[in-house]
**Q** 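After the C-alpha cells below, expect a handful of questions from me.
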Amino acid sequence: MQGGRGAEPRRIAATHDAVPASTHPSKALPLTEDSIPRILGAPFAPAAFRQEVVSHSFLGRKLMIVSRPGSVHHILARNAENYVRPDAAFRVLAPPIGDGLFLAEGQEWRRQRKMLTPAFAVRSVPRLSVHVVQRARPMLARLRAGPLDRAPLFEALRDLTMAIAAGAFFGIDLAPYADEVRALSSSYTKRLARGDLFDFFLPLWLPSPRDWARRRFRRRWLALIERIVAERRRPGETESLFAQLDASETPRGIFIQQVATLLITGSETTGAALFWSVYLAAARPEVQARVAEEARGVAINEENPAEALDRLPYARAVVNEAMRLYPPALSIVRRALADDVADGVKIGKGAIVQTAPWVLHRHRLLWDRPDEFDPDRFLPNAPPPQRYSYIPFGMGPRQCIGMQFALAEATLVLAMLLRDFVIAPTTDRPVTPVAQITLQPSDPAPFRLTPR
Ligand code: HEM
C-alpha cells in the first residue's frame, strides 16, 4: 500500500535546506495547526506540518524533520544504506526488545530478515489469523460479562494483542504470565522509554543517567521471557517460529531476544492501532454501524479468517485511517553516515533525520482535510494517497516485517468488536497521545458498551 500506490509525488514548496523542486501555492492551504493534538513527550514544531523540511542545530548536531515525499523515499528506501538507527534508538529499544531483528545491523540483520520473512509473508497470514479469531472470542465474552458502562477497552486490546503475538508466533499461552508481563513492560514504558537529551548526545559506550535502570530492567525482562519460553514451549512442536529459530541455530541469547522483539513489536503497535481505531469510531456511530453491517454479512471464524478479511474493506479502511491520524510508530529516525542529497534536500553527515508518520500523515500540503477522520479515503476505489506520504509501516528494506499480519489482525478484531457492540465514550475529555516508544493513549477513560 504505502510507497507503491499512486502517481508521482506532487512537488511541494521547499523551505530552508531544500532545493526548490517547484512551487506550490502553500498560502492557499489551511495553515492552522489548532486541530493537531499535542503528543506528550514528543513536541513537533507547528512549522513541520506545513514545510517540507524543518531543521535546527543543537550542541553541534543537526536535527531535521523531512516531509518531502521523494526525500522520505530516498532516505528510507533508495539510499537506505546511508541511514542507520541513531544511538538513542539502541538505548531506548534494546532493553525491551533486545538484539533481535529490529535492532540488528548489516550482515546479521540480513540473516535474521531472510530467516523470518517466510513466517510473516502474505501466504502465512491465514494461518496466523486463526489465532486472532481464537483469542478475540474470549475477550468479547469477557467484555459482555461487564461492566458494560465502564469497559476497559484499552487494557483489553493491549492484553489481546500480546496474547495473539505469543500464540500466533510461538504457540505460547501467555495467560498465566499476563500480570507479570504487563507490570514489567508498563514500568518500562512509563519511566524509561522516553529518550532525553543525554540519550541523544552521549556516545553509546557512555551510559546515560537512565541507562543503569534500563540495564536492570533488561536483565529482569529477558529472564522473564526465558522462563516463559522454558515453561510453555511444547516439546517437539514444529509449527511455530521456535522451530525456525532452532533450525537456523540462533545462539541461545539471541533466541530469547528475538522472542522479546517479536512479542513487543508485534503487540504494542497493533494494540495502539486498535485502540485509536476504537477511540475514533466511538465518536462516530455511523462509522460503527457501517463496520457492523459489513461484519454481520461475513462469518468470521477459525476456518475462514482470510476469506473474511477480503470481505471487510470498510473495517480495514477504518484501521488505515486511524493509523494515518494516530500512527503507532510516530517517527522513524535515522542518522546520516555521509553527506547526501535526498530528492533535493541536503543532509549532512551525522545529521539526525526524522521521517515522522505523525507529521507526514497530517501534513497541510499533502492531505485534503488533514485532521478529519474519514475512512472512505482508504476504500479500494478511492484515489490513493500521494505516493510516500502514508507510511505507518515505514518503507524500504526495513519496512515492518509484520505489516500484513498486523493489518489482518486489527481488521478482524475491530470487525468482531463492532459487530457485537455499540461503543460510546464515557467522557468528552479527549485522549492525549503520548510517545512511549509507540504512540500510546495517556490515561484513557473506559468506554460504554451496548451489545448489538
Ligand atoms: C499496526 C501495527 C504495526 C505498526 C504500525 C508497525 C510499524 C513498524 C514500522 C514503522 C517499522 C519500521 C521501523 C524503521 O524503519 O525504523 C516496523 C518494523 C518492524 N516491525 Fe512493525 N509494526 C506493526 C506491527 C508489527 C507486527 C505485528 C510485528 C510482528 C512480527 C512487527 C515486527 C516488526 C519488526 C521485527 C520490525 C523491524 C524490521 C527490520 O528492521 O527489518 N511489527 N514496524
Side-chain angles (χ1 to χ4, degrees), residues 1-3 72-73 75-77 80 83-86 88-90 92-93 96-106 108-121 124-125 128-129 131-132 157-158 160-162 164-170 240-241 244 257-277 316 319-335 353-358 360-361 390-414 437-440:
M1 172 198 10
Q2 61 278 4
V72 171
H73 177 248
I75 293 161
L76 296 179
Y83 296 92
V84 293
R85 299 199 194 288
F90 291 90
V92 170
L93 294 175
I97 71 171
D99 296 328
L101 179 63
F102 198 98
L103 291 178
E105 299 275 16
E108 177 57 17
W109 169 75
R110 264 185 288 282
R111 190 190 71 77
Q112 292 191 20
R113 181 98 192 186
K114 197 165 161 214
M115 185 227 336
L116 290 173
T117 293
F120 296 101
S124 301
V125 169
L128 295 171
S129 300
H131 296 268
V132 176
L157 293 169
R158 181 194 57 193
L160 174 67
T161 51
M162 180 69 96
I164 289 173
F169 307 159
F170 300 107
S240 82
L241 271 176
Q244 245 158 300
Q257 295 179 49
Q258 195 70 271
V259 177
T261 293
L262 296 171
L263 282 182
I264 293 290
T265 54
S267 60
E268 287 264 318
T269 41
T270 317
L274 266 167
F275 171 80
W276 293 114
S277 302
R316 180 180 287 246
V319 171
N320 277 323
E321 175 69 341
M323 286 196 298
R324 183 182 71 79
L325 287 171
Y326 291 92
L330 67 150
S331 184
I332 302 172
V333 190
R334 299 286 193 263
R335 175 170 57 84
V353 188
Q354 290 195 62
T355 54
W358 175 259
L360 264 182
H361 294 181
Y390 180 69
I391 57 162
F393 295 100
M395 72 168 93
R398 306 224 53 157
Q399 187 177 46
C400 179
I401 198 170
M403 175 172 94
Q404 299 296 342
F405 175 59
L407 270 173
E409 177 181 356
T411 303
L412 286 171
V413 173
L414 186 73
I437 302 183
T438 52
L439 193 67
Q440 295 291 330

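In listed order, ligands and their atoms are each counted from 1. For this chain, numbers begin at 1 and follow the sequence in order. The figures here come from the full heavy-atom set of this structure, side chains too, leaving out hydrogens, waters and symmetry mates.
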**Q** Going by heavy-atom distance to atom 13 (C) of ligand 1, choose the closest among Tyr83, Phe405, Phe102.
**A**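 The option holding the nearest heavy atom is Phe102.
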**Q** Do the side-chain N and O atoms of Thr438 and Gln440 include a donor-acceptor pair separated by under 3.5 angstrom?
**A**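 Thr438 vs Gln440: donor-acceptor pair found between side chains.
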**Q** So does Ile332 get a backbone contact from the side chain of Thr355, meaning a donor-acceptor N/O pair under 3.5 Å?
**A**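 Judged by distance alone, yes, a pair lies under 3.5 Å.
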**Q** Donor-acceptor pair, Gln258 side chain versus Gly100 backbone, under 3.5 Å?
**A**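 Not confirmed, Gln258 side chain does not pair with Gly100 backbone.
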**Q** With a 4.0 Å cut-off on heavy atoms, does Glu409 reach ligand 1?
**A**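 No, Glu409 has no heavy atom closer than 4.0 Å to ligand 1.
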**Q** Backbone N or O of Ala356 within a donor-acceptor pair of the Ser331 side chain at under 3.5 Å?
**A**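 No: the side chain of Ser331 does not pair with the backbone of Ala356.
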**Q** Any non-hydrogen atom of Met395 lying under 4.0 Å from ligand 1?
**A**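 No, Met395 has no heavy atom closer than 4.0 Å to ligand 1.
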**Q** Would you say Arg398 has any N or O atom under 3.5 Å from an N or O of ligand 1, going by distance alone?
**A**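 There is such a contact, yes.
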**Q** Quick check on contacts: which atoms of ligand 1 are under 4.0 angstrom from a heavy atom of Trp109?
**A**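 It comes down to these atoms of ligand 1: 39 (C), 40 (O), 41 (O).
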**Q** Would you indicate which of Met403, Gln404, Arg113 comes nearest to atom 38 (C) of ligand 1 when only heavy atoms are counted?
**A**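 Selected option, by shortest heavy-atom distance: Arg113.
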**Q** Just which atoms of ligand 1 are under 4.0 Å from any heavy atom in Met323?
**A**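 In order of numbering, the contacting atoms are 1 (C).
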**Q** Counting only nitrogen or oxygen atoms and a 3.5 angstrom limit, does Gln399 reach ligand 1?
**A**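 Such a contact does not occur with ligand 1.
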**Q** Return the option from Val84, Leu274, Thr270, Thr265 holding the heavy atom at the smallest distance from atom 25 (C) of ligand 1.
**A**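 It is Thr265 that holds the nearest heavy atom.
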**Q** Hey, mind stepping through Arg335 and Val353 against side-chain contact (heavy atoms from CB on, under 4.5 Å) and telling me if it holds?
**A** CA-CA 6 Å; Arg335 175 170 57 84; Val353 188; over 6 Å; no
**Q** In terms of residue, atom name and distance, what is the protein heavy atom nearest to atom 28 (C) of ligand 1?
**A**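 Of every protein heavy atom, Gly266 CA, 3.5 Å lies nearest to atom 28 (C) of ligand 1.
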**Q** Within the distance-only criterion (no hydrogens, no angle test), does the side chain of Gln354 pair as donor or acceptor with the backbone N or O of Val333 below 3.5 angstrom?
**A**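 It does not hold such a pair.
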**Q** Measure the spacing between OG1 of Thr270 and CG of Leu407 and express it to the nearest 0.5 Å.
**A**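 Answer for the OG1-CG pair, Thr270 versus Leu407, is 9.0 Å.
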**Q** Starting from atom 20 (N) of ligand 1, which protein heavy atom do you reach first, and at what distance in Å?
**A**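 Answer for atom 20 (N) of ligand 1: Cys400 SG, 3.2 Å.
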**Q** Quick one: sort the Trp276 and Tyr326 rings into parallel, tilted or perpendicular, breaks at 30° and 60°.
**A**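 Geometry flag for Tyr326 against Trp276: parallel rings.
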**Q** Examine ligand 1 and decide if any of its atoms is less than 4.0 Å from a heavy atom belonging to Gln112.
**A**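 Gln112 does not count as a contact of ligand 1 under the 4.0 Å cut-off.
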**Q** Which of the atoms of ligand 1 are close to Leu262, meaning less than 4.0 Å from one of its heavy atoms?
**A**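 Result: 30 (C).
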**Q** Going by the atom numbers of ligand 1, which of them fall below 4.0 Å from some non-hydrogen atom of Ile332?
**A**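 The atoms of ligand 1 under 4.0 Å from a heavy atom of Ile332 are 10 (C), 14 (C), 15 (O), 16 (O).
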**Q** Under 4.0 Å from a heavy atom of Arg334: give me the atoms of ligand 1 that qualify, with their elements.
**A**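 Every atom of ligand 1 under 4.0 Å from some heavy atom of Arg334: 14 (C), 15 (O), 16 (O).
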**Q** Please determine if Thr261 has a nitrogen or oxygen closer than 3.5 Å to a nitrogen or oxygen of ligand 1.
**A**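 Between Thr261 and ligand 1 (N or O atoms, distance only) the closest approach is not under 3.5 Å.
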**Q** Using a strict cut-off of 4.0 Å, indicate which atoms of ligand 1 neighbour a heavy atom of Pro392.
**A**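 Under 4.0 Å from Pro392, ligand 1 has these atoms: 5 (C), 7 (C), 10 (C).
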**Q** Would the distance check show the side chain of Arg398 and the main-chain N or O of Phe102 forming a donor-acceptor pair, the cut-off being under 3.5 Å?
**A**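 Yes: the side chain of Arg398 pairs with the backbone of Phe102.
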**Q** Can you tell me if His361 uses its side chain to pair, donor with acceptor, with the backbone of Pro327 under 3.5 Å?
**A**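 Judged by distance alone, no pair lies under 3.5 Å.
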